[in-house]
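Just so we're on the same page: letters track the sequence lines, and every chain starts at 1.
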Amino acid sequence: KNEVEQSPQNLTAQEGEFITINCSYSVGISALHWLQQHPGGGIVSLFMLSSGKKKHGRLIATINIQEKHSSLHITASHPRDSAVYICAVRRGTDKLIFGTGTRLQVFP
Amino acid sequence: DSGVTQTPKHLITATGQRVTLRCSPRSGDLSVYWYQQSLDQGLQFLIQYYNGEERAKGNILERFSAQQFPDLHSELNLSSLELGDSALYFCASSTTTDTQYFGPGTRLTVL
């Protein structure tokens, strides 16, 4: 079993839909990261969370440390949101352990 | 643009060869991380350097080595290459244990 599990693996949505991607982990962590990988391969860091909730534009990330669970929400989804979203947990000082990613496709 | 640069963008080589991947971190970032992304294994942490010193080691093969130079750029050396080493290799940098900024990656193809 992977230490970091994401669901769903693949997600298709119509433009405007509200999207949720989930991440569960089984190890103690110091922080959790949400990353976005574009079709061209580039990786962008979206959020780093150690508790509570963060919001940036149409993106919202939440984390529940007790339940070892985080969610990434996208409101009013748009085709340009199509990407792979990767959850990663930080153990100790710096080592990141990655989930396998959620491939999102948003159609107009 | 994250401010992290990686060269080369693409590299095609043969089995048994040795290659060097280069990474320049964002200005002021002391930490450099190397990651490998292969089709079957996803993203994996390889190694981290902080201000020239090795700080953390992940799933890095003995055939692979890295270093960080006084100007803070880093190199990842891959030797005795095998077909399975074909992957995207990312470098990331950070100031502290906060957000990591990823470079565009080097796509390595071993034939």
Side-chain angles (χ1 to χ4, degrees), chain A residues 1-10 21 23-25 27-51 54-57 59 61 63 70 72 83-104, chain B residues 1-6 8-11 23 25-26 29-51 53-60 68 74 86-109:
Chain A
K1 190 178 190 300
N2 292 334
E3 292 171 293
V4 182
E5 298 273 358
Q6 283 186 239
S7 63
Q9 277 191 302
N10 295 285
I21 299 170
C23 175
S24 296
Y25 52 93
V27 296
I29 68 170
S30 51
L32 183 142
H33 297 249
W34 281 103
L35 309 172
Q36 179 192 53
Q37 187 167 25
H38 299 288
I43 296 176
V44 174
S45 186
L46 298 175
F47 295 104
M48 192 200 72
L49 295 160
S50 51
S51 65
K54 283 189 177 179
K55 184 176 191 288
H56 181 69
L59 302 179
I63 188 168
S70 175
L72 176 68
V84 176
Y85 292 84
I86 303 168
C87 168
V89 299
R90 193 171 77 224
R91 300 197 67 188
T93 50
D94 300 289
K95 179 181 175 178
L96 285 183
I97 303 170
F98 298 88
T100 51
T102 294
R103 185 176 299 276
L104 171 66
Chain B
D1 183 1
S2 66
V4 178
T5 59
Q6 286 188 249
K9 266 190 155 173
H10 302 277
L11 198 46
C23 168
R26 290 188 324 153
D29 284 357
L30 299 179
S31 278
V32 169
Y33 311 79
W34 285 98
Y35 298 98
Q36 180 193 56
Q37 186 177 37
S38 58
L39 277 174
D40 57 343
Q41 300 224 338
L43 268 165
Q44 289 197 91
F45 167 71
L46 294 178
I47 197 163
Q48 184 215 351
Y49 278 82
Y50 178 83
N51 202 21
E53 301 285 327
E54 182 184 304
R55 178 122 169 199
K57 222 167 182 175
N59 301 324
I60 187 165
Q68 186 179 27
S74 178
S86 295
L88 263 171
Y89 290 85
F90 287 99
C91 158
S93 74
S94 70
T95 48
T96 59
T97 54
D98 213 310
T99 301
Q100 293 184 21
Y101 295 87
F102 286 77
T106 292
R107 186 175 296 277
L108 173 66
T109 303

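With sequence neighbours left out, the ring-ring contact (aromatic ring centres under 6.0 Å, His included) criterion links B:Phe102 to B:Tyr35. Evaluation of the side-chain contact (heavy atoms from CB on, under 4.5 Å) rule for B:Ser2 yields B:Val4, B:Tyr101 as partners, not counting sequence neighbours.
B:Phe45 contributes atom CZ, which lies 13.0 Å from atom CZ of A:Arg91 (distance to the nearest 0.5 angstrom).
Residue A:Leu35 touches chain B through its side chain alone, counting heavy-atom pairs closer than 4.5 Å.
The 12-atom threshold is exceeded at CZ of B:Arg26, counting heavy atoms of other residues, nucleotides or ligands nearer than 6.0 Å.
Residue B:Leu88 comes nearest to A:Gln37 through the heavy atom pair CD1-NE2, 4.4 Å, listed as atom of the first residue, atom of the second, then distance.
Between A:Leu96 and B:Leu43, every side-chain heavy-atom pair lies at or beyond the 4.5 Å cut-off.
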